[in-house]
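Following: one structure in structure tokens, then a few remarks.
In what follows, every chain begins at residue 1, and chains take the letters A, B, ... in the order their sequences are listed. These values consider heavy atoms only, across backbone and side chains, with no hydrogens, waters or symmetry-generated copies.
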2 protein chains.
Amino acid sequence: MSTTGPVPADPTLVGSDLAAMARLLADGTRATFCLALLDGRAWTPTELARHAGVAPSTATEHLNTMVAGGLLVQERQGRHRYVRLADQQMAELIETMAAAAPVRPAPAARTLSADSRRRALAHARTCYDHLAGRVGVAIADAMTERALVEWEHGPRLTPGGERWLAELAIDVPASAKRPALRPCLDWTERRPHLAGAVGAALCGHALDQGWIRRVGSSRAVLVTPAGRDVLAARLGLSAELLTPAGN
Amino acid sequence: MSTTGPVPADPTLVGSDLAAMARLLADGTRATFCLALLDGRAWTPTELARHAGVAPSTATEHLNTMVAGGLLVQERQGRHRYVRLADQQMAELIETMAAAAPVRPAPAARTLSADSRRRALAHARTCYDHLAGRVGVAIADAMTERALVEWEHGPRLTPGGERWLAELAIDVPASAKRPALRPCLDWTERRPHLAGAVGAALCGHALDQGWIRRVGSSRAVLVTPAGRDVLAARLGLSAELLTPAGN
DNA sequence: CGGACACTTCGGCGGCGGCCGAACCGTGGC
DNA sequence: GCCACGGTTCGGCCGCCGCCGAAGTGTCCG
């Protein structure tokens with residue numbers, strides 16, 4: 001069996017290695033980049049600089065550090081550079097860190113537009129490749145309540161859940177590498193929503209079918225009338241919950 | 001249902017919050033403390049200072065920071081102070097970070113005793129409250145091979161696994177909060193071992209029954225002759241694998 | 001009540017690293 | 001070929017923070 005194979009190099013992780021990784025997130029500007037990148041899309045240095053309120057040169061330096069540290073990967077196209085999170089593992093790292101961060105009272109948005117953006121994100125957004133926010137958590141809750149998913153003995157889809165997905169024509173690619181179902185702690189709701197292959201398939205299908213739509217270039221999404229119908233019919237979610245003004 | 005309850009405070013996590021948490025791990029000395037504390041036991045400032053090679057006053061300052069940040073909790077007894085990781089979530093955070101840290105070639109232990117300590121830890125150790133190291137990974141492998149645990153559709157114990165535990169008189173307390181079975185990436189083997197309630201029960205039982213024994217005050221453990229018999233009979237692990245000199 | 005001991009507080013030092021603006025480099029458009 | 005623009009490099013400034021040793025506090029023990 002595999003454990004009797006060649007003895008591994010036996011690398012001993014030391015504090016400084018761990019610290020070097022943590023340092024990549026231990027700066028306000030870099031952390032702001034990470035939270036923005038959690039939507040799984042690629043951003044340019046200029047976008048990130050503006051988003052975080054720093055000079056482009058500063059953003060460049062941070063991005064170099066983060067790429068060198070393995071947190072991000074980059075792709076160059078002409079005079080543009082695109083960066084995104086290196087992989088799912090790094091996204092999970094950031095999520096885990098965010099979940100562990102103490103809740104502090106919201107810093108009372110200073111401008112009207114910042115406030116509306118904040119509300120839009122809290123309502124519904126993508127988190128890497130799945131759904132988050134009030135809507136994401138409500139979907140997870142409803143699916144749990146209807147026994148479509150099961151958490152107690154390891155997160156998994158129930159037979160009913162598989163039928164449910166099939167009825168909606170949602171295809172979940174099986175992968176040995178990626179877990180089918182994974183709870184992901186929502187950092188606005190502080191409760192889990194659906195991640196893993198199922199969460200990704202659900203979100204992708206919803207975008208394809210026009211059940212949800214991205215708002216501008218942010219990771220906020222809106223539930224369309226068509227989406228409201230589907231979610232009401234299939235999960236019993238109220239129209240009120242699915243409307244951003246609804247709080 | 002619960003999501004229609006009172007609207008949460010809607011705290012928006014900002015970069016600086018995330019950074020503040022990450023900063024707790026972003027220092028070589030603090031990270032060294034964390035790795036030591038991963039065994040789940042309580043340490044004193046003096047022990048940690050010596051372990052990390054810094055002055056006691058320095059350790060005190062770090063520990064104050066870490067406690068204030070919610071990473072550690074402390075308990076005072078007379079003139080002693082004991083610190084340990086605040087909870088399972090913080091332990092997972094550290095493990096996730098350690099797993100994401102790039103593998104660097106082992107820094108070639110400088111002293112003989114450091115080398116033997118390193119070897120002992122790589123062989124078998126506790127990781128928070130479960131087993132890690134070559135032995136921990138081998139147990140996870142063997143249990144997977146014998147279909148006692150199942151990972152593909154969400155980690156869980158199979159019916160055969162439940163019988164197996166019952167035969168060994170290992171009782172796994174059911175908890176809604178803690179997952180029964182969780183893979184925990186081993187940072188010397190870079191492969192998963194068993195965590196969660198099952199991993200903890202197994203490790204606790206093994207210590208109770210004298211199948212394994214702590215080595216001195218470190219988190220390294222030794223498999224006793226009794227333990228070797230049990231692991232050979234129940235999982236088919238070779239005596240060679242269970243002996244520390246064996247590499 | 002004196003001394004040993006665990007721990008803490010404080011002042012001061014030194015280095016690291018985040019920030020910016022200015023100059024520079026390549027690409028693509030006109 | 002020129003210009004606009006995204007991105008990068010570099011030098012220099014400043015603040016933060018990790019470190020120590022010395023002095024102080026509290027606890028336990030004889």
For A:Thr58 and A:Val54, indicate whether the former's side chain and the latter's backbone hold a donor-acceptor pair under 3.5 Å. no
Can you tell me how far C1' of C:dC19 sits from CG of A:Leu48, to the nearest Å? 17 Å
So which heavy atom on A:Arg81 is nearest to which on A:Val67, and how close? NH2-CG2, 4.4 Å
For residues B:His80 and B:Tyr82, report the shortest heavy-atom separation together with the two atoms involved. CB-CE1, 3.9 Å
If we ignore hydrogens and angles and just use 3.5 Å, is the side chain of A:Arg30 paired with the main-chain N or O of A:Leu25 as donor and acceptor? no
Taking only the side-chain nitrogens and oxygens of A:Thr44, find out if one of them lies under 4.0 Å from OP1 or OP2 of D:dG6. no
What is the distance, rounded to the nearest whole Å, between atom CZ of A:Arg23 and atom C1' of D:dC16? 14 Å
Please report the distance, rounded to the nearest Å, between CG in A:Asn64 and P in C:dG18. 12 Å
Let me check something: any side-chain donor-acceptor pairs from residues 195-209 of chain B under 3.5 Å, sequence neighbours excluded? List them with distances.
{"residue": "B:His205", "atom": "NE2", "partner": "B:Leu168", "partner atom": "O", "Å": "3.1"}

Please report, rounded to the nearest Å, how far the C1' atom of D:dC19 is from the CG atom of B:Asp27. 10 Å
Below 3.5 Å between N/O atoms, which protein atoms pair up with nucleotides 25-30 of chain C? Just atom names and distances, please.
{"residue": "C:dT27", "atom": "O2", "partner": "A:Arg79", "partner atom": "NH1", "Å": "3.1"}

Taking the side chain from B:Thr32 and the backbone from B:Gly28, do they hold a donor-acceptor pair closer than 3.5 Å? yes
Under the 3.5 angstrom rule, does the side chain of A:Thr224 hit a backbone N or O of A:Gly210 as a donor-acceptor pair? yes
If you take any heavy atom closer than 4.0 Å to DNA chain C, which residues from residues 53-60 of chain A end up in contact? A:Val54, A:Ala55, A:Ser57, A:Thr58
B:Arg81 atom CZ is separated from D:dT27 atom P, nearest whole Å, by 15 Å
Here the distance between atom C1' of C:dT8 and atom CD of B:Glu61, to the nearest Å, is 9 Å
Spacing between B:Glu47 atom CD and C:dC5 atom C1', to the nearest angstrom: 15 Å
Ignoring backbone atoms, test whether B:His62 places a side-chain nitrogen or oxygen under 4.0 Å from the OP1 or OP2 oxygen of D:dC19. yes
C:dT8 OP1/OP2 closer than 4.0 Å to side-chain N/O of B:Arg76: yes
What is the distance from CZ of B:Phe33 to C1' of D:dC19, rounded to the nearest Å? 12 Å
A:Glu95/A:Arg182 ion pair, N-O < 4.0 Å: yes
Can you tell me if B:Thr126 and B:Arg214 form a side-chain donor-acceptor pair at under 3.5 Å? yes
